[in-house]
Amino acid sequence: MSALRSLLLLLLSLCPGPGPGPGSEAKVTRSCVETRQVLGARGYSLSLLPPALISGEHLRICPQEYTCCSSEIEQRLTWETETTFRGLVEENGSFLVHTLAARHRKFDELFREILLSSERSLALLFHRSFGHLYSQHAPVFSGLFSRLRDYYERSGEGLDDALVDFWAQLLERLFPLLHPQYTFSPDYLFCLTRLASSADDSLKPFGDAPHRLHLQITRALVAARAFIQGLETGRDVVSETLKVPMSEGCRRAVMRLTGCPLCRGIPSLPPCRGFCLNVANGCLHSQGLDPDWGSYLDGLLFLAEKLQGSFSFELATQSIGVRISEALMYLQENSVAVSAQVFQQCGNPQRLQGGWVVGSGRARAPAQPRSPLTQVWELRERLGRVRGFWAGLPLAVCGDSRMAADISEEAAPCWTGAGRGRYLSPVVGVSLSEQLDNPEMAKEDSSVDLQTRRRRLQLRAATTRMRVAALGRDLELEDWDEEDTSGSGEGQHYADDWMAGTAAVAPPARLPRPPRRDVSGSKGGGVLVRHNQGRSRTGGTSVGFHTEPILILFLSALALLGPR
């Protein structure tokens, strides 16, 4: 009998047992040595870590089998894995935020420098041509540039008002100088400027120069301002998106991905790549900015090309002095006809015993070295690399060794979420319909949250503003229909007619509004108050960069409330 028992034991020892199943590696090792080493190096108290595997019935996220984690350790690991995941997202997006921030800063500095250079150039030009007489009236010109800067920074009145005021003030100064034998009362000067600003252009004391200047400087400033706003919006939206808190479903999925191997006692086993991609796609699809991101980049780059070409900010500002010089020469050469028409409409002024007489030579702007906007090409090159950023972000996150096995080791055993093996579930895409089948995320976690919708709407608003600015129009200052952005109709004459100095230029879509003098208590030069023609404005109130048009806010509200 003893010999028979020995023989049976020998045969049993030679028979192969069942293959390893999920969790069998933990049952074999029954050790938490490796986990204790890893977590101890991270600052975890070893007193909180069991020396060997224990029952996992207390776990809320990881598989409730043998484990090295207490409830407290699981909770701390959940927070730690979330921090790691969010850090990788921000790290991969830092280049994008830096690119938009740096381009915003450089272009803003460039536009300001160009505007300041133009002001200095005009002062030098007119000082050489008119000397002390220009110095007496320099505030008129410096006031124009101050208003242009106000518009660009969005802290002053509208651009149309600035140009209308400038020509009205210039005419009030020049007309008496052309007629030093007369004295002109404030009421007479009001009649003069009202006549010059009439919608029928019957007087045109400065010829076509005001229209040309209006066309060139308006579309350049509108485009520059919309471009800067677009870069600023993109920078802020991307920065906010990268820092957005994770949902509870995403937090649990990331813990299952990278934290649970530690609890299982196998921290060196990397998560399967397909497992990571499903988790990353599920976490990031609801926070990404596609499909609005591509449209935003298209609008940004198209407007940048406009600023480099037909809407050149540099050429527009440099032409200010030339256009004003043309206006002065026209007034001098046609002073007899202009004066006769004024006297006929406003009456004969009072004669005075006794000026800025415009010089006989045409003033020419000093030559300036052109500095092409080479930043546009750099912007195109940089943004071209991030067009597919949001779609590629899950791949970038899972490319980190902490998140998934290397792609070259895809055939090797990895952490599946339940144990060692191969991840057999299909990797789903980032669209909403595909995310409904994501095995790592609950269906309620697949919807887009309200804050992500708000950020996407911010991008859409910036894109719309840039598309309208590419037609030379300011969305915030006029009624607008989306059909106008197609390039047809009213805005078409803004397309490529930059070289307006030698060819006739179509007048702007809206003529300057006639001034209305407030004579309630003024006897001097007078204060000009603009007719708003149905446009609401809070007089003198500063308007910030982020002022949204009522139309955009209304559409945004509808989009937020509507189905996605």
Side-chain angles (χ1 to χ4, degrees), residues 95-125 141-142 144-156 159 162 213 215-236 238-239 296-323 365-386 462-463 465-470 472 474 494 496 498-499 544-546:
F95 166 78
L96 180 53
V97 176
H98 173 76
T99 296
L100 293 171
R103 294 311 102 190
H104 173 268
R105 182 177 62 254
K106 287 184 178 294
F107 276 104
D108 184 48
E109 291 174 353
L110 178 62
F111 291 147
R112 292 173 186 272
E113 290 173 2
I114 289 176
L115 198 56
L116 180 60
S117 175
S118 174
E119 182 176 8
R120 291 171 176 170
S121 174
L122 182 144
L124 179 60
L125 166 73
F141 301 94
S142 61
L144 171 63
F145 281 94
S146 178
R147 295 283 292 277
L148 296 181
R149 275 189 291 270
D150 279 347
Y151 171 79
Y152 174 75
E153 298 168 359
R154 206 63 191 109
S155 60
L159 188 54
L213 179 61
L215 172 67
Q216 294 170 353
I217 199 64
T218 295
R219 64 185 187 180
L221 270 172
V222 167
R225 180 169 166 267
F227 182 71
I228 290 297
Q229 285 180 321
L231 286 170
E232 184 181 40
T233 298
R235 177 201 67 193
D236 294 343
V238 170
S239 180
Y296 163 77
L297 292 181
D298 290 338
L300 193 65
L301 292 172
F302 179 68
L303 193 55
E305 291 178 354
K306 282 281 191 178
L307 284 166
Q308 188 182 36
S310 57
F311 284 18
S312 170
F313 189 82
E314 185 177 23
L315 291 178
T317 54
Q318 288 180 1
S319 73
I320 294 176
V322 176
R323 292 289 170 258
Q368 292 186 354
R370 290 187 58 194
S371 54
L373 298 180
T374 56
Q375 290 89 341
V376 172
W377 301 112
E378 184 181 358
L379 180 72
R380 170 174 287 280
E381 188 271 334
R382 286 178 176 268
L383 294 188
R385 288 187 261 161
V386 298
T463 302
R465 186 182 295 109
M466 290 188 290
R467 288 171 59 195
V468 175
D474 190 336
Y494 284 105
D496 293 299
W498 163 250
M499 301 305 293
F545 245 157
H546 298 286

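Note: hydrogens, waters and symmetry copies are ignored here, and every other heavy atom, side chains too, is used.
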Cation-aromatic face contact Arg225/Tyr151, 6.0 Å, 45 degrees: yes

Salt bridge Glu378-Arg382, side-chain N to carboxylate O under 4.0 Å: yes

Smallest separation among heavy atoms of Ile320 and Ser118, with atom names: CD1-OG, 4.1 Å

Note, Tyr296 side chain near Met466 side chain (heavy atom, < 4.5 Å): yes

Heavy-atom pair of closest approach, residues Phe302 and Ala470: CE2-CB, 3.4 Å

Thr233 side-chain N/O to Gly230 backbone N/O, donor-acceptor pair under 3.5 Å: no

Leu303 CG to Thr463 OG1 distance, which is reported to the nearest 0.5 Å: 11.0 Å

Closest non-hydrogen atom pair, Ala220 against Ser312: CB-O, 4.0 Å

Residues Arg112, Glu153; criterion side chain to side chain contact (heavy atoms under 4.5 Å, CB included); working and verdict: CA-CA 10 Å; Arg112 292 173 186 272; Glu153 298 168 359; 2.6 Å; yes

Heavy-atom pair of closest approach, residues Ala223 and Leu307: CB-CD2, 3.8 Å

Parallel, tilted or perpendicular: rings of Phe111 and Phe227 (30°, 60°): perpendicular

Rounded distance [0.5 Å steps], CZ in Phe313 versus CG in Leu115: 5.0 Å

Sub-4.5 Å side-chain heavy-atom contact between Asp108 and Tyr152: yes

Distance (rounded to the nearest 0.5 Å) between Arg149 CZ and Leu144 CG: 9.5 Å

Minimum-distance pair of heavy atoms, taken over all atoms of Ala304 and Leu379: CB-CD2, 4.2 Å

Rounded distance (nearest 0.5 Å) linking atom CD of Glu305 with atom CG of Leu301: 7.0 Å

Steps toward side chain to side chain contact (heavy atoms under 4.5 Å, CB included) verdict (Leu148, Leu159): CA-CA 7 Å; Leu148 296 181; Leu159 188 54; 3.4 Å; yes

Separation between CD1 of Ile114 and OG of Ser121, rounded to the nearest 0.5 Å: 12.5 Å

Point-to-point distance, once rounded to the nearest 0.5 Å, from NZ of Lys106 to CG of Leu231: 13.0 Å

Distance-minimising heavy-atom pair for Thr99 and Leu383: CG2-CD2, 4.0 Å

